[in-house]
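Nothing here was measured: the structure is a model prediction, and the numbers come from that model.
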Amino acid sequence: METLQARGSERFVLSTAFQNEAARSLFTSMGFRPAMVEMIREADAHGLTP
């Protein structure tokens, strides 16, 4: 991140599965914070596929 910041980066974005508590804990310890929620649904969950 130091190299990227030296090159002008103003923000760093990481992503992981919500269930990956180890990654979320690591990211939090590095100063990252949650910013978005991604919602998914299987296509056949409500009869939308044959």
Side-chain angles (χ1 to χ4, degrees):
M1 289 188 296
E2 290 175 4
T3 300
L4 293 171
Q5 191 171 15
R7 292 181 177 195
S9 294
E10 296 179 4
R11 179 175 293 157
F12 307 101
V13 178
L14 299 174
S15 62
T16 188
F18 180 79
Q19 297 87 347
N20 191 341
E21 294 180 22
R24 292 190 295 124
S25 178
L26 174 63
F27 296 165
T28 298
S29 75
M30 297 171 66
F32 288 84
R33 59 181 166 64
M36 294 182 65
V37 174
E38 181 177 272
M39 307 287 288
I40 63 170
R41 185 185 83 177
E42 303 307 320
D44 62 354
H46 296 279
L48 296 177
T49 59

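Every residue two or more places apart in sequence or in another chain was checked for a side chain to side chain donor-acceptor pair (under 3.5 Å) with Ser9, and none qualifies.
Ile40 forms part of no hydrophobic cluster, judged by ILVMFWY side-chain heavy-atom separations under 4.5 Å. Hydrophobic cluster membership of Val37, counting Ile, Leu, Val, Met, Phe, Trp and Tyr whose side-chain heavy atoms lie under 4.5 Å apart directly or via other members: Met39. Listed by chain and number, the hydrophobic cluster partners of Leu14 are Met1, Leu4, Phe12, Leu26, Phe27, Met30, Phe32, where partners are ILVMFWY side chains within reach of under 4.5 Å, directly or through others.
Counting only residues at least two apart or in different chains, side chain to side chain donor-acceptor pair (under 3.5 Å) contacts with residues 14-25 comprise Thr16-Asn20.
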